[in-house]
Asks: 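Please find one structure pasted underneath; my questions will follow.
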2 protein chains.
Amino acid sequence: MDKNLKRMATMQRLQVTGLELFYNNGYYNTSVDDILKELSLSKGAFYYHFDSKEDFFIQILENLLARKVYSLLIEPIEGHDNPVQLITDCFENALETAVHNELDCGFVLSNFVNEFRGKNEKISKHLNDILQIWEVNLVSTIQKGKFNGHIDRHVDAEGVALFLMSSYMGVRTLMADNAPSARKYRFMAQLKQFFKSIEVKQPAI
Amino acid sequence: MDKNLKRMATMQRLQVTGLELFYNNGYYNTSVDDILKELSLSKGAFYYHFDSKEDFFIQILENLLARKVYSLLIEPIEGHDNPVQLITDCFENALETAVHNELDCGFVLSNFVNEFRGKNEKISKHLNDILQIWEVNLVSTIQKGKFNGHIDRHVDAEGVALFLMSSYMGVRTLMADNAPSARKYRFMAQLKQFFKSIEVKQPAI
DNA sequence: ACTTAAACCGACCGGGCGGTTTGTTCAAGT
DNA sequence: ACTTGAACAAACCGCCCGGTCGGTTTAAGT
């Protein structure tokens, strides 16, 4: 049993470090040796645990990245409160996390999607799956808001979801380059402005 | 004089093909040989005209990419008409171009910014300069709209500009992966919704 | 104490890359 | 006809990367 534990521990260390380096430098610009050097492990260790660099990355996607996206962007908006408030708080929190992340390199999913497009269909599919889960979740949350009277019934839920995803992905890229905190603040203000325009007008009591 | 003409022609061919391949595959994943193979030229030809791969890319940025961004995203919104309409039409047209571009790989600037971040400061600076010109132009256009009565005076021009840039960059990434035409349509509808919320309320005559 | 297998090491290989160098072609100037 | 230099060809260099493989260490089972 201890064997299994050690195996898991080493694989976990490799994956965590791998994601960090892939995130910062890109997949193709990070060599397996770079990751191994960071952990003082050898090529033999790596290829004992993983079939290939590609297999390694896919496991990172499933074990680390998908869960990260889920806990940061999906789980927080699942609830029966005001969807507008839930999404606003969720974005606020996600962007705040990005601000305080010293080595933030933009929205990791967005970067990888761009890097693998047209170059590795297998990985691209995995990445698209994660994005799609996010999209589906956003759409259903917005639909919920339409039914429970928080969002105007005429809005196109898929359109709003797309707009939210687009703006989030874009601002993460821009935040990574300049003045992340100021840009986060400005972005959130405009996001709220947008939300106001799709909310049902509450009659002032 | 004919010499100079031929020189220019060859350099131009190299740059156009280079941008195309860099755009599709990324800078680090495109070898100089890849570009040369496309044009049936040799390494000697390349290094006769350019100092290095980096120098080559920077010339592409200045000669092709900057002008492309200018003609597609900056020049169209410079005018004294309704800024909201100008920006809407500009985005509509830019996205339509992307839809009909067979090999569209998202917003080229956004991709390059991500690829070079933290890896090549010189190139990153060039890219940021281009983005900044776009931003400044958007801000001044919005300011103009505030002064000439098309946009509400209370809106934060820099915030709106950031929001526009973010959403555009994001949707370009998403359009490159799935259903570009449908996503363009949905995006534009939401963009107009956003604009409606920052326009001054025209009293119905 | 011995076996066994998991876990790991590190040298090595084939290939591709950015960049250099040497040599060739060809057109313009005289 | 000869020179000159721009424009290109092609072989080459040093480096790095993904992946392989034979060997070594470690620890659990008996």
Side-chain angles (χ1 to χ4, degrees), chain A residues 1-61 112 115-116 118-123, chain B residues 1-61 112 115-116 118-123:
Chain A
M1 299 308 110
D2 195 41
K3 291 284 180 64
N4 210 354
L5 265 183
K6 183 164 192 194
R7 175 183 178 81
M8 287 303 185
T10 301
M11 289 176 76
Q12 184 76 6
R13 285 202 308 153
L14 280 166
Q15 289 177 29
V16 169
T17 305
L19 176 57
E20 192 180 318
L21 294 186
F22 288 144
Y23 183 36
N24 292 333
N25 309 323
Y27 175 81
Y28 292 107
N29 289 304
T30 304
S31 70
V32 175
D33 282 329
D34 289 339
I35 300 164
L36 294 168
K37 198 191 298 172
E38 201 89 0
L39 297 172
S40 299
L41 289 176
S42 70
K43 274 268 180 71
F46 181 86
Y47 281 94
Y48 174 77
H49 291 293
F50 302 98
D51 290 342
S52 64
K53 190 186 180 187
E54 176 180 314
D55 166 65
F56 175 59
F57 186 73
I58 290 177
Q59 291 204 35
I60 287 179
L61 286 190
F112 286 146
E115 186 170 6
F116 289 109
K119 296 205 69 193
N120 188 318
E121 202 161 339
K122 197 170 169 186
I123 292 182
Chain B
M1 301 310 108
D2 193 44
K3 292 285 180 63
N4 210 353
L5 266 183
K6 184 167 190 195
R7 174 183 178 81
M8 287 302 185
T10 302
M11 288 177 76
Q12 185 75 7
R13 285 202 307 152
L14 280 167
Q15 289 178 29
V16 169
T17 305
L19 176 57
E20 192 179 317
L21 294 187
F22 287 145
Y23 183 36
N24 292 333
N25 310 323
Y27 175 82
Y28 292 106
N29 288 305
T30 304
S31 70
V32 175
D33 283 328
D34 290 339
I35 300 164
L36 294 168
K37 199 190 298 172
E38 201 90 358
L39 297 172
S40 299
L41 290 177
S42 70
K43 276 265 182 72
F46 181 86
Y47 282 94
Y48 175 77
H49 291 291
F50 303 97
D51 291 341
S52 65
K53 188 187 181 188
E54 178 180 312
D55 166 64
F56 175 59
F57 187 73
I58 290 177
Q59 290 206 35
I60 288 180
L61 287 190
F112 286 146
E115 186 170 7
F116 290 107
K119 295 204 67 192
N120 188 319
E121 202 160 339
K122 197 170 169 185
I123 292 182

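The chains referred to below are lettered A, B, ... by the order of the sequence lines, with proteins before strands, and numbering in each begins at 1. From a predicted model like this one, the values you see are computed outputs, not experimental measurements.
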Asks: Grab the CG-P distance between B:L39 and D:dA9 for me, whole Å please.
Replies: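 So the two atoms are 10 Å apart, to the nearest Å.
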
Asks: With respect to the phosphate group of D:dT20, does any side-chain polar atom (N or O) of A:Y47 fall under 4.0 Å of OP1 or OP2?
Replies: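 It does not, given that no N or O in the side chain of A:Y47 lies less than 4.0 Å from OP1 or OP2 of D:dT20.
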
Asks: Within this structure, what is the NZ-to-C1' distance between B:K53 and C:dG16, rounded to whole angstrom?
Replies: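 Interatomic distance, NZ of B:K53 to C1' of C:dG16: 12 Å.
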
Asks: If you count the non-hydrogen atoms of other residues, nucleotides and ligands that lie under 6.0 Å from NZ in A:K122, is the total more than 12?
Replies: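 Check fails, neighbour count at 12 or below.
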
Asks: Please check the phosphate of D:dC8 (OP1 and OP2 only) for any side-chain N or O of B:T10 closer than 4.0 Å.
Replies: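 Affirmative; the distance criterion is met.
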
Asks: For a quick test of reading the model: is some side-chain N or O of A:K43 closer than 4.0 Å to OP1 or OP2 of C:dG10?
Replies: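 Answer no for this pair, as no side-chain N or O of A:K43 is under 4.0 Å from OP1 or OP2.
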
Asks: What is the separation between atom CE on B:M8 and atom P on D:dC8, rounded to the nearest whole Å?
Replies: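 Spelled out: CE on B:M8 to P on D:dC8 is 13 Å.
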
Asks: Any side-chain heavy atom of A:H49 within less than 4.5 Å of one from A:F56?
Replies: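 Not touching, per the 4.5 Å side-chain cut-off.
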
Asks: Provide, to the nearest angstrom, the distance between the CZ atom belonging to A:F50 and the C1' atom belonging to C:dA7.
Replies: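 Going from CZ in A:F50 over to C1' in C:dA7 covers 13 Å.
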
Asks: Determine whether the side chains of A:S52 and A:D55 contain a donor N or O and an acceptor N or O closer than 3.5 Å.
Replies: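 Short answer, no.
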
Asks: Grab the CD-C1' distance between B:Q12 and D:dA7 for me, whole Å please.
Replies: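 Nearest whole value for this atom pair: 17 Å.
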
Asks: Please report, rounded to the nearest Å, how far the C1' atom of C:dC17 is from the CZ atom of B:F46.
Replies: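 Rounded to the whole Å, the gap is 13 Å.
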
Asks: Within the pair B:H49 and D:dA6, is there a side-chain N or O less than 4.0 Å away from OP1 or OP2?
Replies: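 Result: no.
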
Asks: Do B:F22 and B:F112 have ring centres separated by under 6.0 Å?
Replies: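 So the answer is no for these two rings.
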
Asks: Please report, rounded to the nearest Å, how far the P atom of C:dA6 is from the CE atom of A:M11.
Replies: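 After rounding, the reported distance stands at 14 Å.
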
Asks: Check whether NZ of the Lys or CZ of the Arg B:K53 lies under 6.0 Å from the centre of the six-membered ring of B:Y27 and within 45 degrees of that ring's axis.
Replies: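 Pair B:K53/B:Y27 counts as cation-pi.
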
Asks: Residues of residues 23-37 of chain B with any non-hydrogen atom less than 4.0 angstrom from an atom of DNA chain C: list those, numerically ordered, please.
Replies: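 Heavy-atom contacts with DNA chain C come from B:T30, B:S31, B:V32.
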
Asks: Would you indicate, yes or no, if C:dC8 has its OP1 or OP2 atom less than 4.0 angstrom from a side-chain nitrogen or oxygen of A:Y48?
Replies: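 So the side-chain polar atoms of A:Y48 never come under 4.0 Å of the phosphate oxygens OP1 or OP2 of C:dC8.
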
Asks: Taking the inter-plane angle between the rings of A:F57 and A:F116 on a 0 to 90° scale, is it parallel (under 30°), tilted (30 to 60°) or perpendicular (over 60°)?
Replies: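 The rings of A:F57 and A:F116 sit tilted, inter-plane angle from 30° to 60°.
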
Asks: Which is it for B:Q15 and B:F50 under the side-chain contact (heavy atoms from CB on, under 4.5 Å) test, yes or no, and what are the steps along the way?
Replies: CA-CA 10 Å; B:Q15 289 178 29; B:F50 303 97; 3.7 Å; yes

Asks: In whole angstrom, give the distance that lies between atom CG of B:L41 and atom C1' of C:dT24.
Replies: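 Between C1' of C:dT24 and CG of B:L41: 16 Å.
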
